[in-house]
Amino acid sequence: VELEDGHILMFMRDSNVSYMNMAESFDYGRTWNHIGNTDMPNGNSKITVEKVNGKVILVSNASATLGFDARTNLQIQISDDNCKTWRKPIFVSSPEEHLFYPHIAVDYNKNLLYLAYENAKQQYLNVYTFEELGL
């Protein structure tokens with residue numbers, strides 16, 4: 001996600017580590033600085049990050065155990081200060097459900113955020129207003 005002009009922050013999953021990795025670039029992604037493990041749990045699934053109205057939205061599985069069964073706790077996290085701190089997570093559904101591979105689409109005309117995800121058998125779509133997310 002581009003935090004400021006040329007300043008990009010990348011969140012990465014690691015199949016061997018139960019917390020997300022992060023790297024940062026200050027030159028539009030030409031060179032990268034590996035920051036290392038964060039304190040954010042890595043459910044070893046897709047991570048989606050998007051900047052909307054100056055706020056960073058991160059959707060991920062907040063499980064600190066690895067493996068397919070760890071793909072639970074699908075949640076939305078929002079940062080108001082370029083990923084220094086995060087608001088209380090918004091769980092997409094009940095925490096024990098196996099949901100993963102989140103995708104975000106933003107409709108600025110209608111002030112809506114679409115969140116698509118799946119469970120390996122079925123696809124789901126949640127729609128959130130900017131107002132309910134505090135965007």
Side-chain angles (χ1 to χ4, degrees):
V1 65
E2 189 169 22
L3 301 176
E4 299 154 344
D5 196 31
H7 180 196
I8 301 170
L9 191 62
M10 180 174 19
F11 293 90
M12 301 166 283
R13 71 183 192 184
D14 182 333
S15 298
N16 300 310
V17 180
S18 58
Y19 291 91
M20 286 186 221
N21 271 284
M22 212 168 16
E24 188 170 38
S25 173
F26 291 94
D27 57 7
Y28 297 94
R30 285 185 208 75
T31 60
W32 290 90
N33 209 10
H34 184 250
I35 297 170
N37 292 335
T38 67
D39 60 353
M40 300 175 83
N42 164 29
N44 198 26
S45 183
K46 182 178 185 281
I47 303 161
T48 297
V49 186
E50 184 82 34
K51 192 159 188 180
V52 178
N53 292 338
K55 300 176 186 334
V56 177
I57 300 169
L58 182 139
V59 184
S60 67
N61 293 98
S63 177
T65 57
L66 300 173
F68 186 80
D69 289 339
R71 293 178 177 178
T72 58
N73 296 302
L74 187 62
Q75 67 179 14
I76 301 168
Q77 290 181 276
I78 299 172
S79 175
D80 301 301
D81 57 8
N82 283 337
C83 304
K84 292 176 186 73
T85 61
W86 299 90
R87 295 183 202 167
K88 183 180 174 184
I90 301 165
F91 287 97
V92 172
S93 67
S94 62
E96 66 278 354
E97 281 191 77
H98 291 273
L99 303 169
F100 37 84
Y101 295 132
H103 300 275
I104 291 175
V106 181
D107 183 340
Y108 286 100
N109 293 326
K110 295 181 181 177
N111 292 328
L112 297 174
L113 182 131
Y114 296 89
L115 173 61
Y117 52 96
E118 65 167 285
N119 66 4
K121 299 175 192 163
Q122 188 172 353
Q123 292 80 36
Y124 301 92
L125 178 67
N126 290 8
V127 181
Y128 301 92
T129 66
F130 285 10
E131 184 178 354
E132 70 184 304
L133 292 175
L135 303 175

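Computed over heavy atoms, backbone and side chain alike; hydrogens, waters and symmetry mates excluded. Numbering of residues begins at 1 and proceeds along the displayed sequence.
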- Could you tell me which non-hydrogen atom of Phe11 sits nearest to which non-hydrogen atom of Cys83, and how far apart they are? CZ-SG, 4.0 Å

- Name all pairs fulfilling the salt bridge (Lys or Arg N to Asp or Glu O under 4.0 Å) condition that reach into residues 111-135, sequence neighbours left out, sorted by first residue then second. none

- Calculate, to the nearest 0.5 Å, the distance between atoms OG and CD belonging to Ser60 and Gln75 respectively. 5.5 Å

- Query: Considering residues at least two apart in sequence or located in another chain, which fulfil the side-chain contact (heavy atoms from CB on, under 4.5 Å) criterion with Asp5?
  - Reply: Glu2, Tyr28

- Item | Joint cluster assignment, Ile8 & Val1, ILVMFWY side-chain distance < 4.5 Å | no

- Of all residues at least two apart in sequence or in a different chain, which pass the side-chain contact (heavy atoms from CB on, under 4.5 Å) check with Glu24? His7, Leu9, Phe26, Ile35

- Message: So, using salt bridge (charged side-chain N to carboxylate O under 4.0 Å, His left out) as the criterion, who are the partners of Asp81 when residues are at least two apart?
- Response: none

- Message: A side-chain contact here means heavy atoms from C-beta on lying under 4.5 Å apart; do Leu74 and Glu97 qualify?
- Response: no

- In terms of hydrophobic clusters joined by side-chain contacts under 4.5 Å, are Val92 and Val49 together? no

- Hey, does Leu135 have a side-chain heavy atom less than 4.5 Å from the side chain of Ile57? yes

- Message: Can you confirm whether Met22 sits close enough to Met40 that some side-chain heavy atom of one is under 4.5 Å from a side-chain heavy atom of the other?
- Response: no

- Query: Lys55: what forms a salt bridge (charged side-chain N to carboxylate O under 4.0 Å, His left out) with it, not counting sequence neighbours?
  - Reply: Asp80

- Supply the atom-to-atom distance Asn73 CG to Ser93 OG, rounded to the nearest 0.5 angstrom. 9.5 Å

- Query: Going hydrophobic residue to hydrophobic residue with side-chain gaps under 4.5 angstrom, can you get from Tyr124 over to Ile76?
  - Reply: yes

- To the nearest 0.5 Å, what is the distance between CG (Leu99) and CD (Gln123)? 11.5 Å

- Over all heavy atoms of both residues, which pair between Leu125 and Tyr114 is shortest? Give the atoms and the distance, please. CD1-CB, 4.0 Å

- Message: Do Leu115 and Pro102 make a side-chain contact, defined as non-hydrogen atoms from C-beta onward lying under 4.5 Å apart?
- Response: yes

- Is there a donor-acceptor pair closer than 3.5 Å between any side-chain N or O of Asn111 and the backbone N or O of Phe130? no

- Item | Point-to-point distance, once rounded to the nearest 0.5 Å, from CG of Asn53 to CG of Leu113 | 10.5 Å

- Query: Where do Ile47 and Arg13 come nearest, in terms of heavy atoms and distance?
  - Reply: CD1-N, 3.7 Å

- Task: Under the side-chain contact (heavy atoms from CB on, under 4.5 Å) rule, collect the residues that match up with Met12, sequence neighbours excluded.
- Result: Met10, Asn21, Ala23, His34

- Query: What pairs of residues pass the salt bridge (Lys or Arg N to Asp or Glu O under 4.0 Å) test when at least one of them lies in residues 41-52, not counting sequence neighbours?
  - Reply: none

- Do you reckon Leu133 sits in the same ILVMFWY cluster as Val106, going by side-chain contacts under 4.5 Å, direct or chained? yes

- Minimum-distance pair of heavy atoms, taken over all atoms of Trp86 and Val56: CZ3-O, 3.8 Å

- Kindly say whether Val59 contributes a backbone atom to a donor-acceptor pair with the side chain of Thr48 at under 3.5 angstrom? no

- Taking only residues two or more places apart in sequence, or in another chain, which ones meet Ser25 in a side-chain hydrogen bond (donor to acceptor under 3.5 Å, both in side chains)? Asp27

- Task: Quick one: pull up CG in Asn61 and CE in Met20 and give me the separation to the nearest 0.5 Å.
- Result: 8.5 Å

- Item | Contacts of Asn126 that satisfy side-chain hydrogen bond (donor to acceptor under 3.5 Å, both in side chains) - sequence neighbours left out | Tyr117, Tyr128

- Applying side-chain contact (heavy atoms from CB on, under 4.5 Å), name anything that partners Lys110, two or more places apart in sequence or on another chain. Asp107, Leu112

